[in-house]
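Following: one structure in structure tokens, then a few remarks.
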Amino acid sequence: MTPPVRDLVGRDADLARVAEIIGLDDPHGAGVVVSGDAGIGKSSLLARAAQDAEAAGWNVAWGHCVGQAGSGVAHLPFTEIVTRLQQLAPEVVEHQVATRPALGVLLPGGREETTTTHSPGHVAEGVHALLTAVGELAPLLVLVEDAHWADHSSRDLLTLLLTRGFATPVALVITYRSDDLHRRHPLHETLAVWARIAGVERLDLHPLADAAIHDIVTRDGGRHLDEAVAAEIARRAEGNPFFAEELTASAVSGRPVAGGLGRVLGARIDQLTPHAQQVIRTMSLAGRTVGHELLLRVTGLTEPELEAAVADAVEHHVVETRWPPAYAFRHALLGETVTDDLLPGERLRLHRAYAGALASDPTLGPASELARHAAAAGDLATAVAASRDAARGDLAVGGPSGALEHLEQALSWMAESAPERDDVSLEASDAALAAGDVMRSVQLLRDRIEHPGADQTPVVRARLLATCANRSRLNDMLAPDAGIAMTTEALSLVPEEDGAERLFVLTAHTQQLVDNRRYGEAAALGEEASALAERLGLSAAHHEIRTVLSRVIEIHDDLDALERHIDRLLADLGDRPDPLLIRIHHQAATMHHRRGDLHRALESYDRGAAVARRLHLDWAPFALESRLIGGLTAYEIGDWDGAQRRLHVDDPLLPQPGRAFFDAALMTVRVGRGEVLGEDEIAAVREWWHVDGFGVVQLVMPAVEHYGGQGDLTRALDIAQDAVAQLERTWGRFHAVVRLSALLAGQAATAAPHLDGALRRRALVDLETLTARADAIVQHPQRGVRDPSATTPDEVLVRSNTETWAWDVRLRAELLRLRWRDPRSDTPSPDSMVRAWQDSVDAFERYGHVHETARSRVRLAAALRAAGDTGRARHEAELARVVAARLGAAPLLREVDDLTAGPGAGSGVGTHDDTELTAREHEVLGLVARGLSNGQIGAQLFISTKTASVHVSRILAKLGAASRTEAAAIGRERGLVG
């Protein structure tokens with residue numbers, strides 16, 4: 001229940017604003033973040049709002065984040081909230097815990113009783129479902145105070161609740177100290193995310209006016225103060241009500257109003273009895289709140305002595321009571337003041353007392369608190385053990401980031417020669433991976449590999465090496481051959497007899513052989529590992545080996561055999577939720593995608609993503625790609641709304657660089673619809689290029705289209721050049737170079753009439769280099785055994801990778817179009833243009849890419865018009881228009897309009913009499929296209945130079961051309977020039 005609240009002073013407008021946001025009179029789901037300096041009145045404001053809500057029939061639950069000891073406990077405020085809800089709605093809580101067991105760890109004793117590790121997603125889902133269910137009974141107000149002290153897991157969960165919102169009347173109010181924040185404060189980045197969540201309101205409490213501070217000073221005990229003293233207090237308080245109250249209390253007690261607030265607060269504490277002073281000095285090292293039993297043991301006082309001491313501290317407004325029995329400083333500043341006053345010896349003794357009490361009875365506080373006190377007391381062995389316990393507790397409630405912090409802290413307390421350092425390094429790496437931080441996971445392993453202890457065993461080193469190799473392949477931070485060097489060494493270290501460790505290393509080494517295209521060796525070693533798994537009876541390991549070997553089948557371009565292999569794997573695993581299913585569905589989707597069966601590919605990607613959601617592994621490596629590439633596949637088949645739905649991610653648990661990948665992929669849809677990308681958006685994704693080539697590919701394609709659409713071919717060439725350089729360093733040969741070459745050639749062709757000499761030469765050189773790289777891919781799409789029935793490189797490519805084949809056909813058409821639109825190049829015949837663009841239409845129709853089929857149709861229509869087939873040109877253009885309109889593809893619509901609006905279009909769409917070229921102007925345009933000057937045109941047509949100039953000016957105006965060369969290019973494209 002909300003404690004009684006004194007009358008608020010000077011906060012009427014703020015109180016009304018909170019009531020409006022949460023819908024006190026018209027309950028609805030809402031989120032509000034309240035900020036302000038320490039002591040500014042956040043707690044008093046919310047206590048009054050909570051009191052008003054209870055009076056209006058609302059349920060109210062508080063959760064407090066606490067500094068020092070509490071900061072290491074995952075989901076600490078939600079433990080308090082769930083406990084309160086258990087009192088308010090026990091049947092609802094019981095039902096939700098029964099259906100969502102992860103919620104049970106937040107109930108009293110739940111952390112100690114559970115033996116199951118729950119993911120952050122499980123806990124988050126449980127909390128959201130519980131709040132929603134309680135909101136069905138009556139409007140619910142949830143208040144989370146002091147988020148600047150929130151642990152990582154609590155910050156993520158708060159973000160999730162704000163993002164999702166509630167279908168029932170649940171209002172979530174969060175407070176934090178704005179004066180505690182700095183650039184590197186962990187809440188700083190979270191606040192930036194909260195600021196972008198639609199519907200979340202912000203309320204910043206400003207200092208009170210002088211009149212309001214004067215009212216605070218002169219009420220209650222300060223009403224008899226001298227006016228000059230009251231005015232001085234108001235001045236020094238600077239609008240902060242807590243400071244005003246503390247300074248007033250000091251003045252009433254007869255203390256001089258001088259010095260800093262710390263001295264004033266210290267003076268107030270000096271008024272307490274010796275036992276009360278002992279209690280608050282002991283409390284200061286425990287954080288703002290400490291349990292009754294723990295405080296009793298550490299102080300050494302008897303029960304009556306402790307109760308009397310606490311009563312004295314409460315009477316002097318230093319301490320407040322809590323339930324279950326615990327005590328807290330009335331304001332954190334009081335605790336901080338006391339802590340600063342402790343002598344070094346006193347600190348050491350208190351830390352030892354706390355550590356001893358917590359070690360003897362773990363129910364007195366979380367393991368993280370024992371770790372902190374033990375470390376401060378110099379007992380590092382106990383601190384390390386307690387940190388590992390704290391990490392396990394955080395993992396049990398879905399807090400891998402908190403677990404990582406505990407384990408890294410433990411590593412900082414351990415010597416390199418410590419026997420358990422290897423195990424802690426592996427545990428920390430596991431926690432980092434669970435938190436989605438692949439780079440940190442690898443770094444922790446590499447650090448231990450490069451700095452082994454003297455007693456590191458060969459088997460443990462093999463485990464470290466193989467694990468590091470497995471995780472390094474999830475990004476591009478290592479050199480291509482570094483992983484296989486690790487597993488080769490690991491294989492030399494494990495015993496040759498059968499055992500799980502040897503199987504683990506064999507599997508990792510097989511994967512590395514596959515990654516390094518040593519498929520024959522991989523197949524042989526995979527068979528050995530498969531046989532070992534069968535002998536050991538390890539079915540999960542056997543399935544994993546078979547999944548790794550799928551790549552060996554795929555590399556032979558026998559997609560039928562690969563499909564049969566994948567079908568057997570899926571049949572063996574059945575419907576049970578197994579993380580390996582995510583990877584297998586991903587492989588099936590990739591296979592269908594290569595064939596050009598995009599609808600089946602999307603189905604498999606969605607299945608993999610669905611399994612990941614069931615397992616709460618949404619951002620595991622193959623799960624992330626299933627959703628991301630699924631979104632891009634939806635884009636290809638023309639479901640752009642579905643693509644946006646898959647690619648727009650508001651889950652705060654998605655770490656970088658995964659978030660950057662989704663942002664970049666979404667740019668493909670945005671650019672297709674004509675949105676302009678911000679330079680800051682592009683730069684934000686480029687920050688992660690060094691980590692993974694996947695992000696390079698996702699960004700460079702829409703960036704080329706974006707810069708080209710803005711008429712900035714230089715920037716398009718620059719980012720393409722940078723992308724190729726980065727990908728060649730990390731990937732070597734890559735199929736995406738074919739698509740990149742085609743897109744860049746298309747932008748160069750569009751810009752050709754406007755290019756100056758230097759930019760034209762650079763574009764031609766860059767495209768020649770890119771085309772050579774594309775040729776290498778097309779001639780040898782993979783390394784391996786070829787399908788004997790496919791006799792030409794083109795047949796091999798169309799059977800093994802329909803996407804690359806389609807983009808290669810498009811590249812050849814764009815290179816012809818570049819020559820066609822470039823007045824300084826030899827012009828290809830209209831018939832050759834028609835053939836090239838018809839091939840592009842056919843290729844993309846076979847592949848299934850709706851937008852690129854339509855874009856190829858527009859350019860086919862232009863070639864048909866140039867060849868004189870206006871009827872068919874009109875038909876192709878209208879087919880493209882229908883697709884562009886359905887997709888909302890504004891740039892494609894403009895291209896169709898530009899084509900159909902010109903003379904000779906025949907459809908009447910956008911055609912006006914005053915834009916038609918006269919017969920004479922047709923003659924003049926033909927001579928302009930041949931490069932003749934106005935004087936030469938006049939001599940050729942037996943007219944004056946001035947008349948020729950007038951004709952040329954009119955032609956430029958009618959065609960919307962900025963120059964003679966652009967007019968010639970437009971004339972060719974519209975079939976006005978033979």
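Just so it is clear, the structure is predicted and the values come from calculations on it, not from any experiment.
- Donor-acceptor pairing under 3.5 Å is recorded for the side chains of Ser429 and Ser441.
- Side-chain contact check for Ser35 and Asp204: at least one donor-acceptor pair (N or O, by modelled atom type) lies under 3.5 Å.
- Taking the centre of each ring, His28 and Phe166 stay at or above the 6.0 Å mark.
- Residues His152 and Ser401 bring a donor and an acceptor atom of their side chains to less than 3.5 Å of each other.
- When only modelled atom types and interatomic distance are considered, Asp37 and Ser178 share a side-chain donor-acceptor pair under 3.5 Å.
- Side-chain atoms of Asp437 come within 3.5 Å of backbone atoms of Arg440 as a donor-acceptor pair (strictly under, hydrogens ignored).
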Any chance you could lay out the salt bridge (charged side-chain N to carboxylate O under 4.0 Å, His left out) test for Asp606 and Arg646, step after step, and finish with the verdict?
CA-CA 10 Å; Asp606 285 347; Arg646 291 171 176 85; 2.8 Å; yes
Candidate pair Trp194 and Leu158, rule side-chain contact (heavy atoms from CB on, under 4.5 Å), full reasoning:
CA-CA 9 Å; Trp194 291 353; Leu158 286 170; 3.8 Å; yes
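- Residues Gln409 and Ser412 have side chains that bring a donor and an acceptor to within less than 3.5 angstrom of each other.
- From Phe661, atom CZ reaches atom CD of Gln656 across 9.0 Å, with rounding to the nearest 0.5 Å.
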Chi angles and distances behind the salt bridge (charged side-chain N to carboxylate O under 4.0 Å, His left out) call for Arg100, Glu125:
CA-CA 8 Å; Arg100 296 173 173 84; Glu125 180 185 356; 3.7 Å; yes
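- Two rings, from Phe622 and His586, have their centers less than 6.0 Å apart.
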